[in-house]
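Since the model is a prediction, treat every value here as computed from it, not as a measurement.
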Amino acid sequence: MDIKETEPMLVLSAARRLTIPQIKATAAELTMAIHADAERSGLKVCGPWVFIAHNLPRDSKTPFDIRFCLPVANAEGYRGAFEVEQLEPIMVASAVHQGPMRTLFTQGYGPLVREIELSRHAFSGESREIYHQWAGQGARYHRIEIQFGLAY
């Protein structure tokens, strides 16, 4: 577990209220649409996808708020269908999951949550997934950074 401060970033984004099983289909649809809109608008992408959850549940049936974010260098003059948002820095506990999506919760989230619970830190309610390497649905290997915001 690494404790660090995130960098501020400007993102093109879309928010939804979903359950965990709904993320896969929604993410596939929205990320394509956001990326296409960024290209059409001449925006320069400057980082990997960031998915931001608020009060991520520990079950698959409880809806929660999630935002799909594409970092961009500048959105001046943007008139597209998505929101432009400035993400402020936050303190996070972070770990990188390397492997298939089917092990993201058991080998990625689970160990990080346990480590935070055993530490002196408290969860803020915000969590993030940063897709440093995405090989496509069903691929055997991805590199996804998991971040849990920390309360002060």
Side-chain angles (χ1 to χ4, degrees), residues 1-58 60 62-110 112-113 116 123-151:
M1 171 175 76
D2 292 325
I3 304 297
K4 63 183 181 180
E5 184 176 39
T6 64
E7 295 292 325
M9 77 177 81
L10 183 67
V11 297
L12 196 57
S13 71
R16 297 291 186 270
R17 185 156 182 84
L18 303 171
T19 61
I20 290 172
Q22 294 172 318
I23 294 171
K24 182 178 176 180
T26 303
E29 176 185 315
L30 273 178
T31 56
M32 286 178 55
I34 293 170
H35 195 271
D37 200 47
E39 278 189 353
R40 259 191 315 278
S41 300
L43 301 182
K44 181 183 176 196
V45 174
C46 64
W49 281 98
V50 179
F51 294 0
I52 302 174
H54 289 278
N55 300 311
L56 184 67
R58 292 184 181 225
S60 64
T62 304
F64 66 100
D65 295 318
I66 185 168
R67 180 170 292 277
F68 302 89
C69 303
L70 181 63
V72 293
N74 185 329
E76 195 172 311
Y78 173 74
R79 302 268 186 260
F82 300 98
E83 295 175 55
V84 174
E85 184 176 1
Q86 177 67 43
L87 301 180
E88 297 301 324
I90 63 170
M91 291 303 296
V92 298
S94 172
V96 175
H97 170 70
Q98 298 181 91
M101 285 302 289
R102 65 180 162 71
T103 62
L104 180 64
F105 284 95
T106 58
Q107 295 177 14
Y109 274 86
L112 181 56
V113 167
I116 295 168
F123 296 92
S124 72
E126 180 175 319
S127 59
R128 299 178 178 191
E129 291 177 3
I130 296 89
Y131 288 79
H132 294 288
Q133 183 177 342
W134 175 254
Q137 293 291 348
R140 292 183 180 173
Y141 181 85
H142 308 285
R143 190 165 47 90
I144 302 166
E145 183 177 352
I146 302 163
Q147 297 177 342
F148 279 99
L150 301 175

Would you mind checking if Lys4 and Glu145 are paired as a salt bridge, meaning a charged N to carboxylate O distance below 4.0 Å? yes

Are there over 12 heavy-atom neighbours, none belonging to Gln133, within less than 6.0 Å of that residue's CD? yes

Report the distance from atom OG of Ser94 to atom CD1 of Ile116, rounding to the nearest 0.5 Å. 9.0 Å

Please give me the minimum heavy-atom distance between Lys24 and Gln137, naming the atom from each residue. CE-OE1, 3.1 Å

At their closest point, which heavy atom of Leu10 faces which heavy atom of Ala75, and how far apart are they? CD2-N, 3.6 Å

Would you say Leu43 and Leu12 make side-chain contact, with heavy atoms under 4.5 Å? yes

Using atom types as modelled and distance alone, determine if a side-chain donor or acceptor of Ser60 lies under 3.5 Å from a backbone N or O of Ile20. no

Can you give me the closest heavy-atom contact between Cys69 and Arg67, atom names plus distance? SG-CG, 3.4 Å

Do Leu150 and Ser124 have side chains that approach each other closer than 4.5 Å (heavy atoms only, starting at C-beta)? no

Treating His142 as the side-chain partner and Ala135 as the backbone partner, does any N or O pair qualify as donor plus acceptor under 3.5 Å? yes

Please identify which of these residues, Arg16, Arg17, His54, meets the side-chain hydrogen bond (donor to acceptor under 3.5 Å, both in side chains) condition with Asp65. Arg17

Can you check whether Ile144 reaches Met101 side chain to side chain, under 4.5 Å on heavy atoms? yes

If you measure from OG1 on Thr26 to CG on Leu18, what distance do you get to the nearest 0.5 Å? 4.5 Å

Heavy-atom side-chain proximity of Ile90 to Arg128 below 4.5 angstrom: yes

If you measure from CG on Asp37 to CZ on Phe82, what distance do you get to the nearest 0.5 Å? 5.5 Å

Minimum heavy-atom separation for Phe123 to Ala151, with atom names? O-CB, 3.9 Å

Apply side chain to side chain contact (heavy atoms under 4.5 Å, CB included) to the pair Leu87 and Thr6, showing each step before the final yes or no. CA-CA 9 Å; Leu87 301 180; Thr6 64; over 6 Å; no

What do you reckon, is CD of Gln86 surrounded by more than 12 foreign heavy atoms closer than 6.0 Å? yes

In this structure, NZ of Lys44 is separated from CG of Asn74 (nearest 0.5 Å) by 10.5 Å

Student check: side-chain heavy atoms of Glu129 and Tyr109 closer than 4.5 Å: yes

Hey, could you give me the CD1/CD1 distance between Ile52 and Ile130, rounded to the nearest 0.5 Å? 8.0 Å

Close side-chain approach of Val50 and Gln147, heavy atoms under 4.5 Å: no

Side chains of Met91 and Ile3: does their closest heavy-atom pair fall under 4.5 Å? yes

Would you give the length of the straight line joining atom CD of Glu29 to atom CZ of Phe68, rounded to the nearest 0.5 angstrom? 10.0 Å

Which pair of non-hydrogen atoms, one from Ile146 and one from Gly108, has the smallest distance, and what is that distance? CD1-C, 3.4 Å

Should the pair Phe51 and Trp49 be assigned to parallel (<30°), tilted (30 to 60°) or perpendicular (>60°) ring geometry? perpendicular

Closest approach of Asn55 and Phe64, non-hydrogen atoms and distance? O-CB, 3.8 Å

